[in-house]
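Comments concern the structure below.
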Amino acid sequence: MTLRLFNTLTGQVEPLSPAEGGVLRMYACGPTVYDYGHIGNFRTFLEVDVLRRFLRLIGVPVRHVMNITDVDDKIIRNATAAGMAIGAYTAKYEQAFFEDLEALKVERPEVLPHATEHIGKMVELVQKLEAAGAAYKTEDGSSYFRLSAFPGYGKLSKKDLSGMEDGARVDVDEYEKDSARDFAVWKSAKPGEMAWETAIGRGRPGWHLECSAMSMEYLGESFDLHAGGEDLMFPHHENEIAQSETATHKPFARHWMHVRFLLVEGKKMSKSEGNFFTLRDLLLKGYKASAIRLALISVPYRHQLNFTFDGLTEATSAINRLRTFYERLKSTNFAPGENPALQEAAKKAHAEYMEALANDLNTAEARAPIFDLVRAGNTAIDQGQLLAGDRDAILRVLADFDAVFDVIRDDDAEPTRRALAWAEEAGRLEEVAPEVRASLALTDEAIEALVAERTQAKKQRNFARADAIRNDLAAKGVILEDSKDGVRWKRK
RNA sequence: GGCGCGGUACCCAAGUGGUAAGGGAGAGGUCUGCAAAACCUUUAUGCGCCGGUUCGAUCCCGGCCCGCGCCUCCA
């Protein structure tokens, strides 16, 4: 099976496969670690995660590189404001970033290079560009890429800059540039700023340079796929292409994937709108990491996603449905054998699921056959028609579903617990939803004990006591379900 | 202004030139000590509006209305 993925460069859905060596080499723009990540950031990383997981599912090995940008203007500004050393500041937010990715079950890329550890490589690139006459130095020691040196400029974002007037408005800072659109590949350091002493002077790399340098370092001068948020298409990716292809005379990335921005409650997320949320904000409100993950990936990456609290609640219900079914399959004893109708249903669901994802990662479409199979399975169990061989077949389908979606396996307690500990440390405990605290205060053992006590009470037909226990647990976010095979409980 | 995306049931959201997936929510029912879960039935003669092409359009073309994104080192 081959993944057909929209390619921004060509505007077409095209097969994506490794150009050489059997390993798919991909680069995804990573975070600038200057603050806690928000859900918009995570949508992009989550969609790239869906991509790499699906590739693995269809047997395509991936070498995935994601940069950590640990030097830039915002970092310098924020670290200074916080009175922290740059390194300590970025380390803090980098660690937070990885904790958040783990909470959302985003897999780690194979290579995670830091911008500050590749200054030498970037300096080389600048020298190459300068030698080729594609970059020029200004009086203050900065170096700019000359756009006119790259005729293909605009091919990714479909911009035609040829008709644009230069210099209509030029920042004072940039008066030395030959053309207003020329961009910095090297910035000379102002006094007191973070800077490196290098062969091309004292300064720091331009924003776009790190991605060119590090992608080529770990993937080669040409590679298979480059991904990122839609805002990066221009100018960031366009500039990467310009400087990379000018330096190497080779095509940079063959395939480009851009993830659309999300809206929050119908509006662009912004702090001033009051609809700006970090992952931690949502965990403290009591939403589960799995629900956040599912809500963020259920709308295909090329569509605008309207992220809402209703949507999170809905995702929570959908996950409960899947988990309840999964547990039912696992905990029920089935007679040996196979039911041809169910075997067929499992096969069909799997085929449709895979095909939907192969079709430009259509996650919304991919969900449907899985839920169809859940219904068919539940119905068969109710009617005593599901056999052990069917259970195994369905579990295999669910495993492939979770290989990409990863929401059935319940690892939700830990991220919430960690967010709570973080809130305590950060003095934000008052933001924590009461039921979150109540639920986490109850250990599994305590719940089991109460469940056992209730079962005893029921045996003695002491329903008042049994119901009291159930209600008490419910108030603490624990749901009980009686079944023929015993009592199941779960945290809401 | 330039480039682009979208308007499908109460909400979210797929989709196809031949008659509307899935999830959530609601209503009724089965089961249950009661719940929960599960299952069954039910909720778009209809897919923004108006034309056109076609045997036939939600899906193709044109126009219009509405919403949104990018064009600013915001993923």
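Convention: sequence-line order gives letters A, B, ...; per-chain numbering from 1. Because the structure is predicted, anything quoted here is derived from the model rather than measured.
Nucleotides B:rG4 and B:rA9 have their P atoms positioned 28 Å apart, rounded to a whole Å. Comparing the same atom, P, in B:rG63 and in B:rC5 gives a spacing of 15 Å after rounding to whole Å. The same atom, C1', is picked in B:rG22 and in B:rU8; the two are 14 Å apart, to the nearest Å. On the P atoms, B:rU54 is 32 Å away from B:rC66, given to the nearest whole Å. To the nearest whole angstrom, the two P atoms, one in B:rU32 and one in B:rG26, are 24 Å apart. For the P atoms, the distance from B:rA13 to B:rC68 is 15 Å, rounded to whole Å. With C1' as the reference atom, B:rC55 and B:rC49 are 26 Å apart, rounded to whole Å. Look at the C1' atom in both B:rA21 and B:rU16: the space between them is 11 Å, to the nearest Å.
Between the side chains of A:Glu14 and A:Asn7, at least one donor-acceptor pair of N or O atoms lies under 3.5 Å. Using modelled atom types, one finds no donor on one side chain facing an acceptor on the other under 3.5 Å when comparing A:Glu240 with A:Ser212.
A:Lys458 forms no cation-pi arrangement with A:Phe463, by the criterion of a distance under 6.0 Å to the ring centre and an angle within 45° of the ring axis.
Aromatic ring orientation, A:Phe405 versus A:Phe401: parallel (interplanar angle below 30°, classes split at 30° and 60°). Ring orientation note: the planes of A:His258 and A:Trp256 are close to parallel, at an angle under 30° on the 30°/60° scale. In this pair, A:His208 and A:Phe183 present their aromatic rings perpendicular. The plane angle is above 60°, beyond the 30 to 60° band.
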Audit row: A:Glu453, A:Arg465, salt bridge (charged side-chain N to carboxylate O under 4.0 Å, His left out) steps and yes/no:
CA-CA 9 Å; A:Glu453 187 190 338; A:Arg465 176 62 188 149; 2.6 Å; yes
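As judged by a 4.0 angstrom heavy-atom cut-off over every strand, A:Ile381 is placed among residues making no nucleic acid contact. Looking at heavy-atom distances under 4.0 Å, A:Arg367 makes contact with sugar-phosphate atoms alone, never a base. Residue A:Phe261 is in base contact, counting any heavy-atom pair closer than 4.0 Å across all strands shown.
Residue A:Phe234 has its side chain nearest to B:rC71 when only B:rG23, B:rC71, B:rA36 are considered. Comparing B:rG69, B:rC74, B:rG23 by their nearest atom to the side chain of A:Leu263 picks out B:rG69. Side-chain atoms of A:Lys158 lie closest to B:rC3 of the nucleotides B:rC3, B:rC74, B:rC70. Of the candidates B:rA21, B:rC74, B:rG24, B:rC74 carries the atom nearest the A:His38 side chain, counting heavy atoms from C-beta on.
Whole-Å rounding puts the A:Glu238 CD to B:rC3 P distance at 15 Å. Nucleotide B:rA21 holds its C1' atom 9 Å from the CD atom of A:Glu352, rounded to whole Å. Atoms CG (A:Leu104) and C1' (B:rA75) sit 14 Å apart, rounded to a whole Å. The distance from atom NZ of A:Lys268 to atom P of B:rG67 is 18 Å, rounded to the nearest whole Å. Going from atom CZ of A:Phe325 over to atom C1' of B:rA38 covers 11 Å, rounded to whole Å. Distance A:Leu279 CG to B:rA75 P: 16 Å, rounded to the nearest Å. For the pair A:Leu329 CG and B:rA37 P, the interatomic distance rounds to 18 Å; values are reported in whole Å. If you measure from atom CG of A:Asn275 to atom P of B:rC68, you get 13 Å, rounded to the nearest angstrom.
Salt bridge A:Arg204/A:Asp73: present, at least one basic N to carboxylate O contact under 4.0 Å. Residues A:Asp281 and A:Lys271 are not paired through a salt bridge, judged by the lack of any N-O separation under 4.0 Å between the basic side chain and the carboxylate.
With a 3.5 Å ceiling on both atom-pair distances, B:rA44 lacks any Watson-Crick or G-U wobble partner. Using N1 to N3 plus N6-O4 or O6-N4 for Watson-Crick, or N1-O2 and O6-N3 for G-U wobble, each under 3.5 Å, B:rC10 pairs with B:rG24. Pairing for B:rG2 goes to B:rC70, judged as Watson-Crick or G-U wobble with the two contacts each under 3.5 Å. Base-pair partner of B:rU30: B:rA38 (Watson-Crick or G-U wobble, both distances under 3.5 Å). Across all strands shown, B:rG62 pairs with B:rC50; the Watson-Crick or G-U wobble distances both stay below 3.5 Å.
Aromatic rings from A:Tyr301 and A:Phe6 are positioned such that their centres are separated by 6.0 Å or more. Aromatic rings from A:Phe97 and A:Phe45 are positioned such that their centres are separated by under 6.0 Å. In this structure, A:Phe42 has its ring center no closer than 6.0 Å to that of A:Phe307.
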Please write out each protein N/O paired with an N/O of nucleotides 4-13 of chain B under 3.5 Å, distance rounded to 0.1 Å.
| from | atom 1 | to | atom 2 | distance (Å) |
| --- | --- | --- | --- | --- |
| B:rC5 | O2' | A:Arg260 | NH1 | 2.8 |

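Using a 4.0 Å cut-off, no side-chain N or O of A:Lys271 falls inside it from OP1 or OP2 of B:rC74. Dashed line: the shortest gap from a side-chain N or O of A:Asn378 to OP1 or OP2 of B:rA38 is not under 4.0 Å. Side-chain N/O atoms of A:Arg181 include one lying less than 4.0 angstrom from OP1 or OP2 on B:rU72.
Nucleotides of RNA chain B nearest to A:Thr44 and A:Asn362 differ in position, and the one nearer the 5' end is that of A:Asn362.
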Going 5' to 3' through nucleotides 25-35 of chain B, assign each nucleotide B (protein heavy atom under 4.0 Å from a base atom), S (under 4.0 Å only from sugar-phosphate atoms) or - (no protein heavy atom that close).
S-------BBB
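Looking at A:Lys267, its side chain has no donor and acceptor atom pair within 3.5 Å of the base of B:rC68.
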